[in-house]
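Before any comments, here is the structure.
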Amino acid sequence: MQEQTTFNDLPGMVSQILNKVERLERVIETIREHVGKNSASSTEHIPMTIDEACEFLKMKKSTMYYHVERGNITATRRGKNYIFFKDELLRWLESGRTNQVSLTFEEENAARMASHKRKPSHPSFK
(Lines give C-alpha, C1' and ligand atoms only; values in the text may rest on other atoms or scores of the structure.)
Protein backbone atom coordinates (compact mmCIF):
# COMPACT_ATOMS: atom_id res chain seq x y z
CA MET A 1 0.00 0.00 0.00
CA GLN A 2 1.44 3.26 -1.12
CA GLU A 3 0.62 6.48 0.71
CA GLN A 4 -0.42 9.51 -1.26
CA THR A 5 1.97 12.41 -0.88
CA THR A 6 0.31 15.75 -0.62
CA PHE A 7 1.66 19.20 -1.27
CA ASN A 8 1.71 19.82 2.50
CA ASP A 9 4.03 16.78 3.01
CA LEU A 10 6.71 18.09 0.61
CA PRO A 11 8.60 20.40 3.03
CA GLY A 12 9.06 17.53 5.52
CA MET A 13 10.17 15.12 2.81
CA VAL A 14 12.65 17.63 1.36
CA SER A 15 14.04 18.18 4.87
CA GLN A 16 14.55 14.40 5.32
CA ILE A 17 16.26 14.15 1.93
CA LEU A 18 18.58 17.06 2.77
CA ASN A 19 19.50 15.43 6.11
CA LYS A 20 20.37 12.18 4.35
CA VAL A 21 22.45 14.00 1.74
CA GLU A 22 24.37 15.82 4.48
CA ARG A 23 25.10 12.52 6.24
CA LEU A 24 26.28 11.01 2.96
CA GLU A 25 28.58 13.99 2.37
CA ARG A 26 30.13 13.52 5.83
CA VAL A 27 30.69 9.81 5.17
CA ILE A 28 32.27 10.55 1.79
CA GLU A 29 34.56 13.16 3.36
CA THR A 30 35.63 10.67 6.04
CA ILE A 31 36.39 8.08 3.37
CA ARG A 32 38.39 10.62 1.35
CA GLU A 33 40.47 11.52 4.40
CA HIS A 34 41.11 7.85 5.15
CA VAL A 35 42.08 7.05 1.56
CA GLY A 36 44.26 10.17 1.40
CA LYS A 37 46.23 9.07 4.45
CA ASN A 38 46.74 5.56 3.07
CA SER A 39 47.75 6.70 -0.39
CA ALA A 40 50.21 9.20 1.07
CA SER A 41 51.95 6.46 3.06
CA SER A 42 52.05 4.11 0.08
CA THR A 43 53.67 6.79 -2.09
CA GLU A 44 56.34 7.21 0.61
CA HIS A 45 57.27 3.48 0.49
CA ILE A 46 60.32 4.23 -1.65
CA PRO A 47 63.48 2.10 -1.42
CA MET A 48 66.68 3.98 -0.60
CA THR A 49 70.36 3.09 -0.46
CA ILE A 50 72.34 3.77 2.69
CA ASP A 51 73.81 6.92 1.15
CA GLU A 52 70.34 8.25 0.28
CA ALA A 53 69.04 7.34 3.72
CA CYS A 54 71.96 9.09 5.42
CA GLU A 55 71.39 12.18 3.33
CA PHE A 56 67.64 12.07 4.03
CA LEU A 57 68.14 11.75 7.80
CA LYS A 58 71.20 14.04 7.81
CA MET A 59 73.13 11.33 9.63
CA LYS A 60 76.68 10.03 9.30
CA LYS A 61 77.12 6.64 7.67
CA SER A 62 78.79 5.21 10.77
CA THR A 63 75.84 6.32 12.92
CA MET A 64 73.43 4.73 10.45
CA TYR A 65 75.32 1.43 10.59
CA TYR A 66 75.28 1.64 14.41
CA HIS A 67 71.49 2.00 14.48
CA VAL A 68 70.97 -0.74 11.88
CA GLU A 69 73.20 -3.21 13.74
CA ARG A 70 71.38 -2.49 17.02
CA GLY A 71 68.00 -2.94 15.31
CA ASN A 72 66.90 0.62 15.95
CA ILE A 73 66.36 1.35 12.25
CA THR A 74 64.68 -1.27 10.11
CA ALA A 75 66.59 -2.24 6.98
CA THR A 76 66.61 -5.07 4.48
CA ARG A 77 69.92 -6.55 3.49
CA ARG A 78 70.44 -7.50 -0.16
CA GLY A 79 73.88 -9.05 -0.49
CA LYS A 80 76.34 -6.52 0.90
CA ASN A 81 73.91 -3.59 0.65
CA TYR A 82 71.17 -2.35 2.95
CA ILE A 83 67.85 -1.14 1.59
CA PHE A 84 65.78 1.36 3.60
CA PHE A 85 62.21 2.50 2.99
CA LYS A 86 61.43 6.19 3.29
CA ASP A 87 58.13 5.72 5.17
CA GLU A 88 59.81 3.52 7.80
CA LEU A 89 62.59 6.07 8.26
CA LEU A 90 59.98 8.82 8.66
CA ARG A 91 58.10 6.82 11.28
CA TRP A 92 61.32 6.13 13.19
CA LEU A 93 62.38 9.77 12.98
CA GLU A 94 59.02 11.25 13.98
CA SER A 95 58.45 8.96 16.91
CA GLY A 96 61.98 9.27 18.24
CA ARG A 97 61.84 5.56 18.86
CA THR A 98 64.88 3.50 19.58
CA ASN A 99 63.37 0.15 18.58
CA GLN A 100 62.21 -1.53 15.39
CA VAL A 101 59.10 -0.55 13.50
CA SER A 102 56.28 -2.48 15.15
CA LEU A 103 54.94 -5.59 13.46
CA THR A 104 51.38 -5.94 12.28
CA PHE A 105 49.08 -8.23 14.23
CA GLU A 106 49.44 -10.99 11.63
CA GLU A 107 53.25 -10.74 11.58
CA GLU A 108 53.44 -10.78 15.37
CA ASN A 109 51.10 -13.78 15.57
CA ALA A 110 53.13 -15.68 12.93
CA ALA A 111 56.35 -14.98 14.85
CA ARG A 112 54.83 -16.30 18.07
CA MET A 113 53.51 -19.42 16.38
CA ALA A 114 56.89 -20.09 14.76
CA SER A 115 58.73 -19.76 18.07
CA HIS A 116 56.25 -21.87 20.03
CA LYS A 117 57.41 -25.46 20.38
CA ARG A 118 54.94 -28.06 21.53
CA LYS A 119 55.78 -31.01 23.71
CA PRO A 120 55.13 -34.43 22.22
CA SER A 121 51.86 -35.88 23.45
CA HIS A 122 52.75 -39.54 22.93
CA PRO A 123 53.56 -41.33 26.24
CA SER A 124 56.59 -43.14 24.75
CA PHE A 125 58.36 -39.82 24.21
CA LYS A 126 58.37 -38.89 27.93
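Keep in mind the model is a prediction, meaning the values are calculated, not measured.
Residue pairs meeting the side-chain hydrogen bond (donor to acceptor under 3.5 Å, both in side chains) criterion with at least one member in residues 17-26: none, sequence neighbours excluded.
A heavy-atom distance below 4.5 Å is not found between the side chains of Thr74 and Phe85. Using a 4.5 Å cut-off on side-chain heavy atoms (C-beta onward), Tyr82 and Thr76 make no contact. The shortest side-chain heavy-atom distance between Asn81 and Ile50 does not fall under the 4.5 Å cut-off. The side-chain heavy atoms of Phe84 and Met64, taken from C-beta on, include a pair separated by under 4.5 Å. Looking only at side-chain heavy atoms (C-beta outward), Leu57 and Trp92 come within less than 4.5 Å of each other.
When all heavy atoms of Gly79 and Arg77 are compared, the closest pair comes out as O-NE, 3.1 Å.
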Show me, pair by pair, the donor-acceptor contacts under 3.5 angstrom made by side chains of residues 7-16, not counting sequence neighbours?
residue, atom, partner, partner atom, Å
Asp9, OD2, Thr6, N, 3.3
Asp9, OD2, Thr6, OG1, 3.1

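Side-chain heavy atoms closer than 4.5 Å link hydrophobic residues (I, L, V, M, F, W, Y) into clusters, and following such links, possibly through other members, connects Ile73 to Leu90. Linking Ile, Leu, Val, Met, Phe, Trp and Tyr whenever their side-chain heavy atoms come within less than 4.5 Å puts Leu93 and Met48 in one cluster.
Other residues, nucleotides and ligands place more than 12 heavy atoms under 6.0 Å from the CD atom of Glu52.
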